[in-house]
*Asks:* 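Starting off with a structure, shown below.
Within every chain, numbering begins at 1; the chains are lettered A, B, ... in the order of the sequence lines, protein sequences first and strands thereafter.
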Amino acid sequence: MRTPTRLRNMELKADAVRVVDGLLTSVVMDQPAASRSTNVPGGAGSAALPAPVDAKLRAQTEMILAMPVADRLRQLEAEANFFASVRPLYD
Amino acid sequence: MADEFQLVGYLRLLAKYGVDYLIVGGVGGRIQGAATTTGDIDIMPDPSPANLGRLAAALSGRSTEKKGASSTVYETHETVDAMEFRTADVSSYRSLYGLIDVLMELPGVGPFDAVHRNARRYQSDDIVLIVASIDDIITSKETAGRSKDWRAMDALYQARDHLRDHPDAYEESEEALETSEGDGDNAE
């Protein structure tokens, strides 16, 4: 009888970790990109400091690069058409 | 007018007409791992008159529209003239395949040759893609400084940093890029 409870607690803990991770990511993402760039001369960020690692972005990058190029293009095409269907794209 | 963005359709169209070009902008970043999305394709054509003529022919059609120089309105523009590409920093069109921007110079980087020097080569099915390096795409977006570009910067930096440590297994060799340059010369 204890096992289901322990499993449930572990699930809740995992959820909490994900929420906190999301909040931390949001804090990082709310900073202007220029202040985190290692490229921008005179930016608020120091060139000695590496850009903070965003776990979500890193995972997305790895996922894209794991795909053959044809799949990367098809996924981008599908995303663009999805977003265009729910909001206008201004370009 | 079709509202759908047919990226692969554009690539096939340009290949069919034998257009030599570099992919820049959001599509170029995405090919190199940047988790951004875009609703158009930005290209830089080889500026030779013959190539610009092929590009103009590829983009011409009954459904083609062109964006006004100082407006966001697209107007009917069935016949594209090769000289148009030289008269603006960016020429924007909408065709059966969606939106396409034609650039003759990449902000902060330079003209076709300067971008081609660092370009990467990929293959998608039977289509060869020459893509501006992620560093050059980042430079162009930092130089342009548009708000929508800044929103994409984190993803571009992430991809750049990742590629430094983990080369893209699907990128073709520099030798292949040099060979493709030779092929282009022969085709002219």
*Asks:* Checking A:M63 against chain B: side chain, backbone, both or neither under 4.5 Å from a heavy atom?
*Replies:* neither

*Asks:* Is it the side chain or the backbone of B:T36 that comes within 4.5 Å of chain A heavy atoms, both, or neither?
*Replies:* backbone

*Asks:* Do B:D126 and B:R12 meet the salt-bridge criterion of a basic N to acidic O distance under 4.0 Å?
*Replies:* yes

*Asks:* Under 4.5 Å between any side-chain heavy atoms of B:K66 and B:Y74, yes or no?
*Replies:* no

*Asks:* Check whether B:D125 gets within reach of chain A through its side chain, its backbone, both or neither, counting any heavy atom under 4.5 Å.
*Replies:* both

*Asks:* Chain A heavy atoms under 4.5 Å from B:I127: which part of the residue, side chain, backbone, both or neither?
*Replies:* neither

*Asks:* Nearest 0.5 angstrom please: A:E77 CD to B:T37 OG1, how far?
*Replies:* 11.0 Å

*Asks:* Let me confirm one number: the CZ-CG distance from B:F85 to B:N51, rounded to the nearest 0.5 Å.
*Replies:* 9.5 Å

*Asks:* For B:A34, is it the side chain, the backbone, both or neither that has a heavy atom under 4.5 Å from a heavy atom of chain A?
*Replies:* backbone

*Asks:* Which residue out of B:I41, B:L163, B:D168 racks up the most heavy-atom pairs below 4.5 Å with chain A?
*Replies:* B:D168

*Asks:* Whether the side chain of B:R121 engages the backbone of B:V128 through a donor-acceptor N/O pair (distance < 3.5 Å, no angle test) should be reported.
*Replies:* no

*Asks:* Output the rest of the hydrophobic cluster of B:M83: all Ile, Leu, Val, Met, Phe, Trp and Tyr residues reachable through side-chain heavy-atom contacts under 4.5 Å, sorted by chain and number.
*Replies:* none

*Asks:* With a 4.5 angstrom heavy-atom cut-off, which part of A:A66 approaches chain B: side chain, backbone, both or neither?
*Replies:* backbone

